[in-house]
Amino acid sequence: MATAKNIIDKIWDSHVVRQNPGHPPIIAVDLMMMHEVTSPQAFQMLEEKQLPVFDKSRIIATIDHVTPTRSNRHEIFDTVAKKQLETLRANCAKHQLKLFDYDSGGQGVVHVIGPELGATQPGMLIVCGDSHTATHGAFGALAFGIGTSEVGHVLASGCMLQDKPKTMKVIFNGTFKPGVYAKDAILKLISLIGTGGANGHAIEYCGETIAEMSMEARMTVCNMSIECGARAGLISPDQKTIDYLKGRPCVASDDQFKKATEYWLSLASDKNANFDREITIDVSELDPMVTWGTNPAQAISLSETLPDPESMTIDDKNAAIKAYSYTQLKPNDKLKSTPIQWAFLGSCTNGRIEDLRLGAQLIRGHKVHADVTFYVVPGSERVMLQAQQEGLDKIFIEAGADFRMPGCSMCLGMNDDKVPSGMRCVSSSNRNFVGRQGTGSITHLASPATVVASALKGCICSEQDL
Amino acid sequence: MEKITIIKGLAAPLAIKNIDTDLIIPAQHMTNVSREGYGKYLFERLRADANFILLQPKYKSASILIADENFGCGSSREHAVWALEDGGFRCVIAKSFADIFFNNSAKNGLLLIKLPEEQINAFQKQATNEDLLLEIDLKKQTISYGQSASIPFDYDEFRKYCLLNGLDDIDYLTSYKADIERYRQEKEPYNFLKLF
C-alpha cells in the first residue's frame, strides 16, 4: 500500500515538471494572479529577453493596491500611481491577458476576486506577487506569494524554481464563544508561534473548528499564514468547497464538474499522513484578539492586560518597549476602552460579503461614535453589488459609516486612504507594522465584529460589549 | 545579472529582530514601474528616528548589513531588495531570513548569508564599536576579517553557480520548454479552469 500523504505533498509532487540533481525543482504554476504594483518590472523582463507570455489561459490581472476608493475613482491624482495602472492595462492588452478593470463587474482585491470567479480551485498551484496569496489555500490549493522576478519567470515559462516547503499541521478544536471568529483564531496562532514561527513551512489547517467554518472564514485563516512566516496555508477540500465552486464563472460545468469533484475530494490529506510539525489549539475559551504592538504576533485577547516587557526574553523585551513607544500604550494596562479615531472594515483578510453582512447586522440601528471615521470597503465589485442588493450599504451609511468603492484601501497606505499620523485605527486588515496604514498611524488588528463594536463605542471593545 | 565573486566592504549593524519589508521600504514608494531609484527610501521609517544607528556618518559607505533574526518578513515586495541594493548594500548577514525575501534576493544578486547566533552577535558588536571590514568570497564560501580570521558559511550550490556566473532563472526555465509543454499536456485532464 502506498504511504499516507498530506495534501501539501500531494499537490507539490504532482507539480514537479523536472528535477535536475542538485538543482531546485522546476514546478508548474496553474494560475497566476497579477496586480499593478508587482508586475511592471516582470513585463519588462519579457521585453528585455524578447519573450512572449507562455500561457495566457492561466493568468488573471486586476487593479487594487493603488486605486482610490472614492466614487470618482477613475480620476487618479497621483501621476506615478496612474502610470502604474496604465502600464498594467497596456501590458494586458499587448499580451492579451484577462484583466478585471474598473466596472468590469470583476475588479477587486486580487485575493477576493480569484475565489468568487471560481478561478481558485483545489489542487492548483497558485502564485501572485503578493504575500497574502495563501488566501486561496482555503480551497485546497497550494498558493503562495512570490517576488516580481518570479512573476517574470512564470510569465515566460509557466513555471518557477522553488524548493519544497516543510509541512506543518495546525489543528483548531472547539466551538467559538459568541463574538469570536476565524480572525481571532489565526491571530491566536500567530501570537503563539511568532512572526517567523512557521518560516520554511506550508501549513495545513484542520480540526473541527475549521470543518465548521464557512469558505469565507477559511479564507481569513489562510490569508494570514504569512504573518507567522508560512510560505502557504491551506485546508483540505470538502463538500463546502465543492458547493462554493459550483456554477462560478471560471469553473468547468456539468459533466466536467463531476469529474472535477472526484479529483478535488481525493486531494484531502490521507489519514495518518505525516507532517514535520504539529500544533493544536483549543478555541473554546478564546476571547476576541486585538494586536497591541507593531507586528501581528504582538496580540492579546481583550480579557488580558497588556504584557509586561520585564517578563519577556531580552529580544522580545526590546521589541516590546519599541512597540509600546510607537503605539503609545503602557504595559499592564487594559487594551480595552482605549479611545480610537478610525476604523476599517475591508481588505483581502476581511472584505468579503460575509464580513459585510456581519458588520451590517451589528451596526444596524446604531450610530458610529462621533470621534470615529469608519471606512467600509468591499473587497470587490461583486461584493459591493451583492451588499447593495441586500441593502447593506444603506445600513452602514445610515449608521454614519463611509461605504466606499472596492480596493485594498487602508490596508497598506499606498493609495489615498490613510490613517493620519498619531491616530489610532481598529482594522480588519492583516498587518500592524510601523506606518503600515500611513506614516505615524497606529493599527490594532481585529475581527470585523471587533472593528464594528469599537467604531460604535469609540474605543477598543468587542461584540461582547455591545 | 551582475556576477558576484568577492564582496569587500564595511559592515553596519542592525540588531533588530523581524525587520519587515514595510520597514525596508514603505508601500507608498512602490508606485513606480522601474527597478531603480528606491535607495533614497531605504529604512525610511527607521531613519525618522535621529538615533537610528545607520544614520551615523561612519556607516555611510557600508555595503554589508549585519541584521538579526527573520529579516525581510511580511510583504513579498521585491522593492525591498532593490532598495537595499540601490542604497549601497551588496550582502546581508543574519541569523535567519523570511522565505520570500530570501528568494527575491538571490534573483537580484543580493547575497544573503545565514550565520549562527553567536557569530552574528559578535559581528554586531564589532561593527558597532569599531570599523568591521569584511571580505566575502562566495567561491570559497568564506568571510575574512581582522588580521587573519576567516569563517566558513553554507550556501546553496545551485544559487552559488548562478551568482558566480550571473545567470538568471528565466534562461534556465525557458531552456526546458519542451518538458514544460509535455507536462501541461499530460495534466490537461485535470485542468478545470475556464478563463476565456
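FYI, side chains are in, hydrogens and waters are out, and symmetry mates aren't considered; it's all heavy atoms of this structure. Naming convention: chains lettered A, B, ... in sequence-line order (proteins, then strands); numbering from 1 in each chain.
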Query raised in the report: Side chain, backbone, both or neither: which part of B:Ile170 has a non-hydrogen atom closer than 4.5 Å to chain A?
Result: both
Query - A:Glu48, part contacting chain B, at a heavy-atom distance under 4.5 Å - result: side chain
Query raised in the report: Who wins among B:Thr174, B:Asn32, B:Asn108, B:Asn18 for the most heavy-atom pairs under 4.5 Å with chain A?
Result: B:Asn32
Requested in this report: Under 4.5 Å heavy-atom distance to chain A, tell me which part of B:His29 shows up: side chain, backbone, both or neither.
Outcome: neither
Query raised in the report: Can you say whether A:Ala319 sits under 4.5 Å from chain B via the side chain, the backbone, both, or neither, judging by heavy atoms?
Result: neither
Query raised in the report: Side chain, backbone, both or neither: which part of B:Arg182 has a heavy atom under 4.5 Å from chain A?
Result: neither
Requested in this report: Answer with side chain, backbone, both or neither: which region of B:Phe97 has an atom nearer than 4.5 Å to a non-hydrogen atom of chain A?
Outcome: backbone
Query raised in the report: Mind checking which of residues 150-157 of chain A sit less than 4.5 Å from chain B, heavy atom to heavy atom?
Result: A:Glu150, A:Gly152, A:His153, A:Ala156, A:Ser157
Query raised in the report: Counting heavy-atom pairs under 4.5 Å to chain B, which of A:Glu227, A:Lys49, A:Lys82, A:His132 comes out on top?
Result: A:Lys49
Query raised in the report: Non-hydrogen atoms of chain B under 4.5 Å away: do they reach the side chain of A:Asn415, the backbone, both or neither?
Result: neither
**Report entry** Interface moiety of A:Gln121 toward chain B, non-hydrogen atoms closer than 4.5 Å
**Finding:** side chain
Report task. Mark yes or no for whether B:Gln28, through its side chain, and A:Met414, through its backbone, hold a donor-acceptor pair below 3.5 Å. Result -> no
Query raised in the report: Can you pull out the residues in residues 136-163 of chain B with any heavy atom less than 4.5 Å from chain A?
Result: B:Phe158, B:Arg159
For residues 188-196 of chain B, which side-chain N or O atoms pair as donor and acceptor with protein atoms under 3.5 Å away, sequence neighbours left out?
unit_1   : atom_1 : unit_2   : atom_2 : d
B:Glu188 : OE1    : B:Asn191 : ND2    : 3.4
B:Glu188 : OE2    : B:Asn191 : ND2    : 3.3
B:Asn191 : OD1    : B:Leu193 : N      : 3.1

**Report entry** Neighbours of chain A found in residues 39-61 of chain B - heavy atoms under 4.5 Å
**Finding:** B:Arg45
Query raised in the report: Which region of B:Asn104, side chain (C-beta onward) or backbone (N, CA, C, O), has a non-hydrogen atom less than 4.5 Å from a non-hydrogen atom of chain A, or is it both or neither?
Result: side chain
